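First up is the structure itself, then whatever we jot down about it.
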Amino acid sequence: MGRGRSSRVPLRRSLLGRLLGVSALVAACSVAATAWLAVQTTSGAIKQEQGQNLTADARIYDTLLGYAARHPTWDGVDATVRELAEQSGRRVALTTQGRQPLADSATATAPPALPPEASAVVDPLSVDTVLAARSTEGQGTAADRIDPRAVGPFLLPAAERAALRRTADRNAVCLNRAGIASDVVVGPSGRPRVQMVGNDPERALGTRCDPSDLDAPTATEKKALSALDALADACLKRQGRDGVRLNQDLSWGEAVAVPRPAPLPSDAREAAPVPAVEPPRELTGEDDRAIASCVGTARSEQLSSYVASPALLFIGDEGGATVPGFDLSPANTAKIAGAAALVLALTVGASVLAGARLVRPLHALTGAAQRMRDGEEHASVPVRGDDEIGRLAAAFNDMSAHRARLEEQRKAMVSDVAHELRTPLSNIRGWLEAAQDGLADPDPAFVDSLLEEAVQLQHIIDDLQDLAAADAGVLRLHPEPVPVGELLGQVAAAHQARAETAGVTLTVVAGAAPVLHADPVRLRQAVGNLVSNAVRHTPAGGTVTLRAYGSGPGPEVVVIEVADTGTGIPAADLPYVFDRFWRAEKSRSRRTGGSGLGLAIVRKLAEAHGGTAGASSTEGMGSAFTLRLPATAPSP
């Protein structure tokens, strides 16, 4: 028992150490992962909120930019500002460049002061390309700082719009009939254009449709374009450069240096000489940059009276608060470290309690196992739950009880074997000593008595040898076709004399039993043991019946039954009848005692043939032992 107590410490330390180590590692990893995930999630949320705010700001900017492009003043913008504030949940305010209020969505009587820096400058003639690019509705590009919705004098009247729309609809219908999916798109000036799927105008060349009908400028566009040409030429002339002629899309070709003489009277036009026209000069890159600058300046000058003046845009929260951030200051770091330490301490404490609770039943199991090792017959442990440890304790208790039962059977087996061997040996020794002393005459009766004892001794030894071979898996079978009815008749004939001596009637009911593929010698041995056991426990006047029949559709199973009208077996003893050296009646008389090995051999022989052995009994009315064997026994 001292060794048992000393061996507990390493087990506990090892289990607790591993459990605590794993728990601490899991807790540390969990805390680190949680902190990292919190930082990443918070940062991602902030970035996402900032991105959403930028998108909302760009949409607000684009809406107000469109308003300024379509209106010459900011009058009436209040409704638009309030609507944008409701949609975005932000405060939207517009002021002049001198910070004079134009519109403000703040509802408070005394709204918070506006920040010192404006969110953007709303000027359709100088678009903020960054905000315009973020807006899903924005029209501005980095190459053109003028909002395309600022059309000014290029805005078409209703008559020209209707005429162009009819032409566009006609071309779209023609293209659709030709298998080219097309639709009409109307621009900010009211000019329609035909847009083909894939945006490939060359696809229409092979058809009768001619979308170029829409390329010709209208009278309004010609007038506006002529005025723009004059403004651009004036700018170029101030730089000493030749003028250009702008196309409808505001592109230009070669420079023109055509002299423009004063108008002559009509009667002098025929006599006036035609001035010489210089050939067009090829433009250089510097010329293109100068022309582009002058065209931009001319457009701004031409549109300035048609758009609202620049305004400052302020976008913020209603209360003036800023977007929350994540400040990992030393105080925040200390808080995170403290929370991590607390989680780690709680995890270790819980692990210690769980480990102690886990080790306590393992201690009990270890002690009980060591008591079994030290020779205690039965050692059990308390079962405190239905968890894994509880089921382990229950299994250990079952094993301990089974071990104790096997130990009792072993002791009984040693006692029974000693008694069974001692009885015939004592008789043989007694008769031989009597013959040696001249007290017994070695006549035939003397020899028969010695032979009977030797046969009994040989029978016990053969039974033990058969059981040992079956346990070792070396029990040899020699299967062959066996008529079951004939085999039952042979067994009955072999036990007929003993049955008549006991006053018991043997009856064979085979019927149309099928042929069984089995070892005939071993099968006769198994059935003979059953018949011998039945005759032994059947009183005079009783009957022992041998019966065989098929079971199954094939039949696939052959059932051999040995039933008697004996004393029967109590229900509590029935599960143990096939155990070795077990007997319901503990006497060792020659009539009823037996060796306690016959039924154990029957079960082993049935299992060797791939079958089973079973028993049923009603106390006081008799018992029935059955062998269920497959029609085709397994090969040896």
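Just so you know, these numbers come straight off a predicted model, no measurement behind them. All heavy atoms count here, side chains included; hydrogens, waters and symmetry mates do not.
No side-chain donor from either of T95 and Q100 sits under 3.5 Å from a side-chain acceptor of the other.
Listed for the D233 side chain is a donor-acceptor partner under 3.5 Å among the backbone atoms of V244. Of the possible polar contacts, none joining the R91 side chain to the D104 backbone as a donor-acceptor pair under 3.5 Å is found. Checking side-chain atoms of T220 against main-chain N and O of L156 turns up no donor-acceptor pair under 3.5 Å. A distance-only check finds no donor-acceptor pair linking the side chain of S293 to the backbone of R289 [under 3.5 Å]. A donor-acceptor distance shorter than 3.5 angstrom exists from the side chain of S88 to the backbone of L84, with no hydrogens or angles considered. In this structure, the side chain of S400 does not engage the main chain of F396 through any donor-acceptor pair within 3.5 Å. Checking side-chain atoms of R145 against main-chain N and O of V127 turns up a donor-acceptor pair under 3.5 Å.
Counting heavy atoms from C-beta on, the side chains of Q302 and F154 come closer than 4.5 Å. Contact of the L228 side chain with the R299 side chain is registered, since non-hydrogen atoms from C-beta on lie closer than 4.5 Å. Put simply, the side chain of N247 does not reach to within 4.5 Å of the side chain of W252, judged on heavy atoms. For the pair S105 and E83, the minimum side-chain heavy-atom distance is 4.5 Å or more. Counting heavy atoms from C-beta on, the side chains of L236 and D242 never come closer than 4.5 Å.
The salt bridge (charged side-chain N to carboxylate O under 4.0 Å, His left out) test applied to D169 returns R165, not counting sequence neighbours. Under the salt bridge (charged side-chain N to carboxylate O under 4.0 Å, His left out) criterion, E221 pairs with R191, not counting sequence neighbours. A search for salt bridge (charged side-chain N to carboxylate O under 4.0 Å, His left out) contacts involving E286 returns R241, not counting sequence neighbours. With sequence neighbours excluded, no residue forms a salt bridge (charged side-chain N to carboxylate O under 4.0 Å, His left out) with D123.
W74 and V122 make their closest contact through CH2-CG1, 3.6 Å (heavy atoms, listed as atom of the first residue, atom of the second, distance). Residue Q239 comes nearest to C294 through the heavy atom pair NE2-SG, 3.4 Å, listed as atom of the first residue, atom of the second, then distance. Minimum interatomic distance between S189 and L155 (heavy atoms only, all atoms of both residues): O-CD1, 3.6 Å.
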Let's go through V184 and R193 carefully: what are the C-alpha distance in whole Å and the side-chain angles of both, what is the deciding distance for side-chain contact (heavy atoms from CB on, under 4.5 Å) to 0.1 Å, and is it a yes or a no?
CA-CA 6 Å; V184 177; R193 63 183 178 88; over 6 Å; no

If you apply the rule side-chain contact (heavy atoms from CB on, under 4.5 Å), what do you find for R149 with D62, and how did you get there?
CA-CA 11 Å; R149 290 170 290 189; D62 181 74; 3.0 Å; yes

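Screening residues 174-185 for side-chain hydrogen bond (donor to acceptor under 3.5 Å, both in side chains) gives no qualifying pairs among residues at least two apart or on separate chains.
Between the CD1 atom in I60 and the CG atom in L65 there is a gap of 13.5 Å [rounded to 0.5 Å]. In this structure, OG1 in T218 is found 3.5 Å from CD in E160, a value given to the nearest 0.5 Å. To the nearest 0.5 Å, the span separating OG on S251 from CD1 on I291 amounts to 11.0 Å.
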Tell me which donor-acceptor pairs under 3.5 Å the side chains of residues 303-314 have, and how far apart each pair is, sequence neighbours excluded?
| from | atom 1 | to | atom 2 | distance (Å) |
| --- | --- | --- | --- | --- |
| S304 | OG | E301 | O | 3.0 |

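Here D229 does not pair with K222 in a salt bridge; the nearest charged N to carboxylate O distance is not below 4.0 Å.
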